[in-house]
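Both ligands and their constituent atoms are indexed starting at 1 by order of listing.
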Amino acid sequence: MQNSDVETELDALVVGSGFGGIYACFSLRKLGLNFACIEKAGDVGGTWYWNRYPGAMSDTHSHLYRFSFDEEDYKNYPFTHNYLYQAEILSYLEHVVERHDLRKYIQFNSEMRSAVFEEGSNRWRVTVHTGHVFVVRYLISAMGLLSQPVYPDIPGLHDFKGTLVHTATWKQDLDLRDKRVALIGTGSTGVQVTTKIASEVGSLSCFIRHPQYVVPAGYREFPAKQRDEINSNFSAYWDNVNRSMVAFGFEESTRSFASATPEERERVFEKLWDDGNGFWFMLGGFNDIATNPEANAFAADFVRRKIHEIVRDPEKARVLTPHDYYARRPICGNSYYEQFNRDNVHVVDVKENPITAVTGRGITTADGVEREFDAIILATGFDALDGNYTRLHIRGRRGETIKDHWSRSVTSFGGVMVSGFPNFFMVLGPQSPFANNPPVIETQVELIMAVIERSETLGKKTSSGHGQHAGVVEPTPEAESDWARRCEVGVEGSLFKKTSSWIFGANVAGKVFATRFFFPGLRPYREFIESSIREGWKGLVFK
Ligand code: NA7
């Protein structure tokens with residue numbers, strides 16, 4: 001078949017150009033394959049292209065929110081503080097793309113609409129919204145884990161005459177200064193928005209349905225000495241990160257809550273509070289905060305006490321106080337609770353007084369009150385993980401779509417492959433490790449490349465008459481079930497499973513309740529991969 005205006009034939013296609021897509025492009029070129037990358041957005045960056053809301057930042061420390069594959073760049077690319085804001089991350093990703101001359105492979109403003117595996121030719125036919133078709137042997141989805149925004153189902157939402165904006169599709173020219181602003185959502189995003197805009201807007205009304213435990217981020221300058229130390233121990237440092245559970249660069253506690261006296265517990269949490277970072281707070285003091293109800297209750301109570309110390313208005317403090325387990329994705333913010341001491345920042349308890357409608361002028365609640373606004377910000381989250389896939393027409397063997405495959409439970413082989421979907425790979429697919437994303441992405445892209453390389457090698461043997469391989473690889477259904485079982489075992493006893501959040505799919509009506517992460521984290525994940533390869537690529541069938 002000839003390449004044409006309507007059809008392009010390649011070895012591989014990458015979908016998405018965030019962290020995952022960029023590294024996949026870099027790696028495919030290294031393998032010597034002929035490939036392209038399609039990107040829905042107008043430029044690179046993925047999550048960091050779209051999420052331009054005020055205050056958007058990563059809550060991983062700066063030296064771990066980057067690639068480690070390019071040691072020289074790792075050691076030299078500048079950053080000043082211990083966290084990176086969106087614009088800095090986006091510039092960094094643009095820099096990596098330029099440095100490695102990857103832009104020429106990426107076709108922007110190109111949204112994948114469908115991908116169909118043709119069993120006769122063992123090719124994927126990928127259709128872009130323009131009608132253009134890519135015919136490829138390998139399809140690598142790097143669409144991110146949080147890229148499909150969720151809009152709340154509130155009557156009249158689109159009747160609002162002022163500005164209505166979701167944080168994931170922010171309007172760059174939106175000027176909120178002196179405006180009356182409503183904010184719906186108090187997850188990680190809502191917290192970041194609050195800390196940035198509270199001092200700038202005329203008024204900020206936070207509609208809070210489910211307050212969360214927010215610890216300080218501890219934003220500060222990154223000490224040059226620490227950077228030098230990390231750089232001069234680069235390999236050992238990254239080895240440790242890759243051998244940790246969440247890859248956040250802190251020493252994960254091995255100490256049980258029960259082993260500490262009440263005074264020690266208080267001291268431990270006080271120090272964690274002063275140091276900052278959500279994952280550190282949850283995992284750096286004791287090893288059983290997410291599993292032991294007593295330990296969890298202590299940590300939760302510690303945060304509740306802080307809220308009441310910081311927030312002067314008792315009614316605001318009451319609405320901001322969570323009462324469920326401290327077992328959602330840990331959140332941190334820069335002086336979050338302090339913002340509520342401003343006279344222009346208000347809270348509306350929408351648990352006891354739900355939102356009933358959005359009107360042309362503002363928001364009405366069950367008590368019949370209508371509050372008027374100039375802008376409504378929706379920080380209402382994402383249809384995470386499988387939500388990125390099930391909205392598309394992705395069809396594998398025997399006509400089965402990915403939506404069919406995941407209609408009862410959301411499973412995968414190591415978060416990267418699905419049985420019945422040959423030569424289809426995901427970066428950060430469902431059941432990936434629950435950990436800092438850049439190291440997970442590097443691990444998964446390297447796994448995907450190793451699988452492709454083996455498949456290519458076996459395929460080449462065929463053409464010279466030495467083997468029987470058509471260059472097709474997929475996991476067995478048993479291997480996928482085995483990984484799903486490991487994910488279930490890994491979350492057993494965790495209070496996360498008892499707490500409603502996007503992690504198990506609870507934030508989208510009708511979404512299957514499923515264990516969407518591998519909770520034991522990065523180290524056991526890497527060990528699993530290493531042992532599968534050692535045992536002759538256990539779980540994968542190369543045909
Ligand atoms: P999250 O964590 O899913 O938070 C969404 C928030 O929106 C959460 O507070 C929800 O309350 C709230 N929400 C959603 N719909 C409504 C309605 N109808 N009324 C009131 N409140 C509502 O999304 P984020 O973007 O903050 O964070 C997602 C991840 O991105 C984060 O974990 C990081 O990994 C990066 P609820 O809790 O459902 O009561």
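- For ligand 1, the atoms lying closer than 4.0 Å to a non-hydrogen atom of Thr186 are 6 (C), 8 (C), 9 (O).
- The closest non-hydrogen atom to atom 31 (C) of ligand 1, taken over His166, Lys351, Arg329, comes from Arg329.
- Note: an N/O pair closer than 3.5 Å links Ser188 and ligand 1 by distance alone.
- Those atoms of ligand 1 that come under 4.0 Å of a heavy atom in Ala379, given as number and element, are 5 (C), 6 (C), 7 (O).
- With ligand atoms numbered from 1 in the order given, ligand 1 contributes 18 (N) to contacts under 4.0 Å with heavy atoms of Pro152.
- Side-chain polar atoms of Arg328 and His210 form a donor-acceptor pair below 3.5 angstrom.
- Near His210, meaning under 4.0 Å from one of its heavy atoms, ligand 1 places the atoms 36 (P), 37 (O), 39 (O).
- Close contacts of ligand 1 with Ile184, meaning ligand atoms under 4.0 Å from a residue heavy atom, involve 19 (N), 20 (C), 21 (N), 22 (C).
- Arg328 counts as a contact of ligand 1, since one of its heavy atoms falls under 4.0 Å from the ligand.
- One side chain, Thr356 or Thr364, offers a donor N or O that lies under 3.5 Å from an acceptor on the other.
- A side-chain donor from one of Glu442 and Ser68 sits under 3.5 Å from a side-chain acceptor of the other.
- Judged by the shortest distance from any of its heavy atoms, Phe382 lies inside the 4.0 Å radius around the atoms of ligand 1.
- Of the protein's heavy atoms, Gly187 CA, 3.7 Å lies nearest to atom 4 (O) of ligand 1.
- Looking only at heavy atoms of the protein, atom 14 (C) of ligand 1 is closest to Thr380 CG2, 3.5 Å.
- Of all protein heavy atoms, the one closest to atom 25 (O) of ligand 1 is Thr189 OG1, 2.6 Å.
- Rounded to the nearest 0.5 angstrom, Tyr85 OH and Ser58 OG are separated by 11.0 Å.
- Side chains of Arg391 and Gln148: a donor-acceptor N/O pair is present below 3.5 angstrom, by distance only.
- Annotation: Gln212 places no N or O atom under 3.5 Å from an N or O atom of ligand 1; distance criterion only.
- The protein non-hydrogen atom at the shortest distance from atom 19 (N) of ligand 1 is Arg209 NH1, 3.7 Å.
- Look at Glu111 and Arg113 and you find a salt bridge, because one of the NZ, NE, NH1 or NH2 atoms lies within 4.0 Å of a carboxylate O, short of that distance.
- Looking at Asn436 and Thr60, their side chains do bring a donor and an acceptor atom within 3.5 Å of each other.
- Note that CD of Gln444 is 12.0 Å distant from CZ of Phe425, once rounded to the nearest 0.5 Å.
- Listed by number with element, the atoms of ligand 1 under 4.0 angstrom from any heavy atom of Gly185 are 6 (C), 7 (O), 9 (O), 12 (C).
- Checked options Lys179, Arg361, Lys161, Arg180; the residue passing with Asp374 is Arg180 (criterion: salt bridge (charged side-chain N to carboxylate O under 4.0 Å, His left out)).
- For atom 2 (O) of ligand 1, the closest heavy atom belonging to the protein is Trp502 CD1, 3.6 Å.
- Among all protein heavy atoms, the one lying closest to atom 23 (O) of ligand 1 is Gly381 CA, 3.2 Å.
- Each of the atoms 29 (C), 30 (O), 34 (O), 35 (C) of ligand 1 lies under 4.0 Å from some heavy atom of Leu146.
- The side-chain contact (heavy atoms from CB on, under 4.5 Å) test applied to Asp175 returns Arg177, not counting sequence neighbours.
- Judged by distance alone, the side chains of Asp73 and His95 do bring a donor and an acceptor atom under 3.5 Å apart.
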